[in-house]
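Following: one structure in C-alpha cells, then a few remarks.
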Protein chains: 2
Amino acid sequence: MDKKDLFGICPYVTSQKVLSGKWSIYLLYLLKDGPVRFNELKRMMPEEITHTTLSRQLKSLEDEGLIVRKEYSQIPPKVEYFLSEIGDKFDKVLIALGEWGDEYIHFLEEKA
Amino acid sequence: MDKKDLFGICPYVTSQKVLSGKWSIYLLYLLKDGPVRFNELKRMMPEEITHTTLSRQLKSLEDEGLIVRKEYSQIPPKVEYFLSEIGDKFDKVLIALGEWGDEYIHFLEEKA
DNA sequence: CCGCATCCCGGTGGATACTG
DNA sequence: CAGTATCCACCGGGATGCGG
C-alpha cells in the first residue's frame with residue numbers, strides 16, 4: 001500500500017477530507033430530508049455564517065459529488081440543493097454521528 | 001435555541017469540531033483495537049506526517065477527552081495512547097464511516 | 001434571489017532542531 | 001523514545017461589494 005497518499009484508498013482518510021469543511025456535516029444533516037433553497041438553508045444555519053461562506057461550502061460539497069444544485073431559470077432566481085445518491089447514503093453516518101455527538105455533549109457537561 | 005454557537009448543543013456541529021483535525025479520524029481508527037505506542041503509531045501513518053504534527057494531533061484528541069495518554073517512567077521512555085470511554089464509543093461512527101468511505105471511493109472511481 | 005471576486009486574517013499543519 | 005519550541009507557508013472562513 002502506498003503510504004504517500006491514502007486519499008482514494010483508505011476510507012477513513014478519504015472521508016476525513018470530504019468532511020473537512022467547517023459546516024459540511026451540518027449541511028448534510030439539513031439536507032437529509034429533501035431539497036432546500038439557498039436562503040432557507042441560510043436561515044437554518046447559525047447566524048455567524050455568511051452568504052459567501054455558505055455558497056462556498058455548498059460548492060465544495062457539490063464538487064465532491066455529495067449534493068446536487070438545481071437552478072430554476074426564473075425571475076427571481078431559485079436554486080435548490082439536495083443530496084446526491086452517494087450523499088444520501090451518508091445518512092447512516094449521520095445517525096451514528098448524531099448519537100455519539102449527544103453522548104459527547106453529555107460527557108462535556110459532566111466534566112465541567 | 002441560541003443560533004450564535006451550536007457547539008455543545010447540536011451534536012453535528014459539536015462532532016464536526018472534534019473531527020476537524022486532519023488526522024483525527026484515522027487516529028481513532030488506528031487506536032480502536034487497543035493501546036499503541038507513539039512510534040508504532042507514526043509507522044502506521046502515511047509518511048508525510050511528521051513527528052511534531054502527530055504529537056499535536058494526539059494532544060488535541062487528549063484535550064478533547066477522546067484518548068488517554070499513559071506514560072511509563074522508564075528509560076527509554078515509553079508512552080501509550082488508547083481510547084477513553086467516550087472515544088471508544090466512537091466505534092459506531094467509525095464503522096458507518098468506513099462503509100460509506102468505501103462506497104464513496106467506488107463512486108469516485110466510476111466518475112473518473 | 002443567488003453567486004462570485006477580492007481582500008484579510010487566523011488557525012493549523014509541516015520542517016527543523018533542541019531537550020529529557 | 002517522546003515531546004516541545006519556533007518559524008513559516010498555506011488554506012479556509014469571514015467581510016464586503018458587485019453582477020446576473
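Note on naming: letters A, B, ... go to the chains in the order of the sequence lines (proteins, then strands), and numbering restarts at 1 for each one.
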Rounded distance in Å - CE (B:Met45) to P (D:dA2) | 15 Å
For B:Glu62 and D:dT4, give me the distance from atom CD to atom C1', rounded to whole Å.
-> 14 Å
Roughly, in whole Å, what's the span from CG in B:Leu58 to C1' in D:dG3?
-> 11 Å
Expected list for residues 64-73 of chain A near DNA chain D, using heavy atoms below 4.0 Å, is none
Residue A:Lys92 excluded, over 12 heavy atoms near NZ under 6.0 Å | no
Whether A:Thr14 side chain and A:Gly8 backbone form a donor-acceptor pair below 3.5 Å | yes
Establish, with yes or no, whether the OP1 or OP2 oxygen of D:dA2 is under 4.0 angstrom from a side-chain nitrogen or oxygen of B:Arg37.
-> yes
Rounded to whole angstrom units, what separation is found between the CG atom of B:Leu61 and the P atom of D:dG3?
-> 13 Å
Donor-acceptor pair between A:Glu80 and A:Tyr72 side chains, under 3.5 angstrom = yes
B:Tyr29 and A:Tyr12: aromatic ring centres closer than 6.0 Å?
-> yes
Ion pair check, B:Glu71 and B:Arg69, cut-off under 4.0 Å | yes
B/S/- contact track for nucleotides 11-20 of chain D, protein heavy atom under 4.0 Å | --BBBB---B
To the nearest angstrom, the CG-P distance between A:Asn39 and C:dC2 comes to 4 Å
Got more than 12 heavy atoms from elsewhere within 6.0 Å of NZ, A:Lys70?
-> no
Indicate yes or no for a side-chain donor-acceptor contact from A:Trp100 to the backbone of B:Asp91 under 3.5 Å, with no hydrogens or angles considered.
-> no
In whole angstrom, give the distance that lies between atom CD1 of B:Ile75 and atom C1' of C:dG20.
-> 8 Å
If you link I, L, V, M, F, W and Y whenever their side-chain heavy atoms are under 4.5 Å apart, who else ends up in the same group as A:Phe82?
-> A:Val68
Within less than 4.0 Å of OP1 or OP2 of D:dG3, is there a side-chain N or O belonging to B:Tyr81?
-> yes
Answer yes when A:Lys42 and A:Glu40 have at least one side-chain N-carboxylate O distance shorter than 4.0 Å, and no when they do not.
-> no
Which whole-number value in Å describes the distance from A:Lys17 NZ to C:dG13 C1'?
-> 13 Å
